[in-house]
Amino acid sequence: MGQQIKLRVKGIGRGMRTDSVAGKHKIAIDEPVTMGGKDSAIDPLSAFLASLVGCENVMAKIIAKEMDFDLQGISFDVEGELDSSGLMGNLEVKPYFEKVVVKAVVETSESQERINEMQAAVDLRCPVFRTIKDAGIPIENEWVKAPVTAQI
């Protein structure tokens, strides 16, 4: 069995803004003006999606090393869809994402088949991806090879 990891975040809320600390790192979260915030920081749901991007990136780096995969870079575009009436009090509507779509572009000399193999491993082992998927939220994840650009 592996090492047990314990994570802790402390936060203070003032109005819609929350200032949190995770170890030595500060994280601010706010809402846009349309939701009663001051738009002084990222909103919570976008921060959640950013966590997915960060987690997939880290897992790709770890797994690429294990697979001896030539991972030169990876960029992500992630979208989450939800009906805001659920979080605003309509109990007939789920207050969480109805769907999450991940699109990644992988800079590599590897084949699309090897990219698919690495993505499958990331999907199995990324804690944030698995949290979404195992909660029953539909999540689409498409990784493609970056087009080769001409070098001058």
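Not measured: the values here are computed from a predicted model.
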Are any non-hydrogen side-chain atoms of [X] and [Y] less than 4.5 angstrom apart?
| X | Y | answer |
| --- | --- | --- |
| V122 | F129 | no |
| K10 | R8 | yes |
| Q119 | E56 | no |
| L45 | L82 | yes |
| L87 | M35 | yes |
| I74 | N57 | yes |
| V105 | K103 | no |

Which heavy atom of [X] sits nearest a heavy atom of [Y], and at what distance?
| X | Y | result |
| --- | --- | --- |
| S40 | R17 | OG-NH1, 2.7 Å |
| L71 | A64 | CB-CB, 3.8 Å |
| R130 | L124 | NH1-O, 2.9 Å |
| Q72 | S109 | NE2-N, 3.8 Å |
| D30 | D39 | OD2-N, 3.2 Å |
| F69 | E110 | CA-OE2, 3.4 Å |

Would a distance-only check, ignoring hydrogens and angles, find a side-chain to backbone donor-acceptor pair under 3.5 Å from [X] to [Y]?
| X | Y | result |
| --- | --- | --- |
| D70 | T108 | no |
| S51 | A47 | yes |
| E81 | F97 | no |
| D19 | A28 | no |
| E117 | Q112 | no |

Distance check, rounded to the nearest 0.5 Å: [X] atom [atom1] versus [Y] atom [atom2]?
| X | Y | atom1 | atom2 | value |
| --- | --- | --- | --- | --- |
| K99 | E79 | NZ | CD | 9.0 Å |
| H25 | I27 | NE2 | CD1 | 8.5 Å |
| L52 | C126 | CG | SG | 6.0 Å |
| M118 | W143 | CE | CH2 | 4.5 Å |
| M16 | D43 | CE | CG | 11.5 Å |
| N141 | I132 | CG | CD1 | 9.5 Å |

Hydrophobic cluster partners of V93 (side-chain heavy atoms under 4.5 Å): none
Salt bridge (Lys or Arg N to Asp or Glu O under 4.0 Å) evaluation trace for R125 with E66: CA-CA 13 Å; R125 293 170 50 188; E66 294 171 1; 2.7 Å; yes
Residue list, side-chain contact (heavy atoms from CB on, under 4.5 Å) with V58, at least two apart or on another chain: I62
I'd like to know whether [atom1] of [X] has more than 12 heavy-atom contacts from other residues, nucleotides or ligands below 6.0 angstrom.
| X | atom1 | answer |
| --- | --- | --- |
| E92 | CD | no |
| D68 | CG | no |
| F76 | CZ | yes |
| K94 | NZ | no |

Cluster overlap I115 with V78, hydrophobic side-chain contacts below 4.5 Å: yes
Same apolar cluster: I42 and V100, side chain cutoff 4.5 Å: no
Counterpart residues, salt bridge (charged side-chain N to carboxylate O under 4.0 Å, His left out), relative to E31 (two or more places apart): none
Salt bridge present between K133 and E140 (N-O < 4.0 angstrom): no
